[in-house]
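Please read the structure below before turning to the comments.
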Amino acid sequence: TVAIDGYSSSGKSTMARRLAGATGYRYIDSGAMYRAVTLYALDHGMISATGEVDAEALAAALPSIRIDFAPATEAGGQQHTLLNGTDVETEIRRLRVSNAVSPVAAIPAVRRALTEIQQAMGREGGIVMDGRDIGTTVFPHAELKIFVNASAETRARRRFKEMMETGAQVSYEDVLANVVRRDHIDETRAESPLRKADDALELDNSTMTLAEQDAWLMEQFEKRVQA
Ligand code: CDP
């Protein structure tokens, strides 16, 4: 079991996806699950114009929210997140969802429900999961735990570039503000806040190339998991 946690847009998903590809492990993006629940809440009028979440209504709706992952359609491509059978992969990456997700992810009932599903997915091992609380709460006994960071500006630049490539109409300033705000909410929430597990390896990838990052990751994997 490999747990990769870290700040928003730190490159966790890329790391996790590439490691899974290289090892044949299954990759699960836990953030996509929080994003899908947030999209459900937005579409069902559970989040007010000022961003207030109706936590009670959302908790009651949790049993009727089903999240699945469909394998990538193209080689090396991204898997798709399904919300109650509908492909929401593009939708959940929009700023509308990014701006609403952290308050939703702070709701204890939401965290408990998703943690339970994630633990069931990892029961057999052979899994790489990325998120905020994977090494601390979801898989505290993971063989390899990594905590990724990079400066907020580096992270916002990466995310901005990614969003521009998908044709999103956003400004760099809005993306940076979202990254900073989400980090703050994720770090200060009461239930399983974003925190480095004591036994996690720390990686600052601000100045690393993808190839350097891959090499570092494989070395850690071989040391901890294959040993
Ligand atoms: O990709 P990005 O770094 O923007 O975020 P994400 O991994 O898609 O996660 C979106 C949001 O979900 C985070 O800002 C957290 O509020 C929440 N999240 C969480 O609370 N716990 C996790 N294990 C994963 C995500």
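All ligand and atom numbering here is 1-based and tracks the order in the structure. What's counted below: heavy atoms across the whole structure, side chains too, no hydrogens, waters or symmetry copies.
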[Y]/[X] salt bridge by N-O under 4.0 Å criterion:
X    : Y    : answer
D214 : R18  : yes
E219 : K223 : yes
D199 : K145 : yes
D133 : R111 : yes

So, is [X] polar-close to ligand 1, with some N/O to N/O distance under 3.5 Å?
X   : answer
S13 : no
S10 : no
K12 : yes

Option whose closest heavy atom lies nearest to atom 1 (O) of ligand 1, chosen from R189, R159, E162: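 Looking at heavy atoms only, the winner is R159.
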Just go through E187, R132, R111 and tell me whose heavy atom is the nearest to atom 20 (O) of ligand 1.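 Looking at heavy atoms only, the winner is R111.
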Show which residues join L210 in its hydrophobic cluster (side-chain heavy-atom contacts under 4.5 Å, direct or indirect), or state none.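 Noted: L210 shares its cluster with no other residue.
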Any chance you could pull the hydrophobic cluster mates of F147, using side-chain heavy atoms under 4.5 angstrom and chaining through other members?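 Traced through the cluster, F147 reaches Y7, L194.
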Which protein non-hydrogen atom lies closest to atom 16 (O) of ligand 1, naming both residue and atom, and how far is it?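 Nearest neighbour among protein heavy atoms for atom 16 (O) of ligand 1, to 0.1 Å: D186 OD1, 2.6 Å.
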Under 4.0 Å, heavy atoms only, figure out whether ligand 1 is touched by the backbone of I134, its side chain, both or neither.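 For I134, the contact with ligand 1 is made by the side chain alone.
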Proximal ligand 1 atoms for D133, defined as those under 4.0 Å from one of its heavy atoms: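 Per the distance check, 21 (N), 22 (C), 23 (N).
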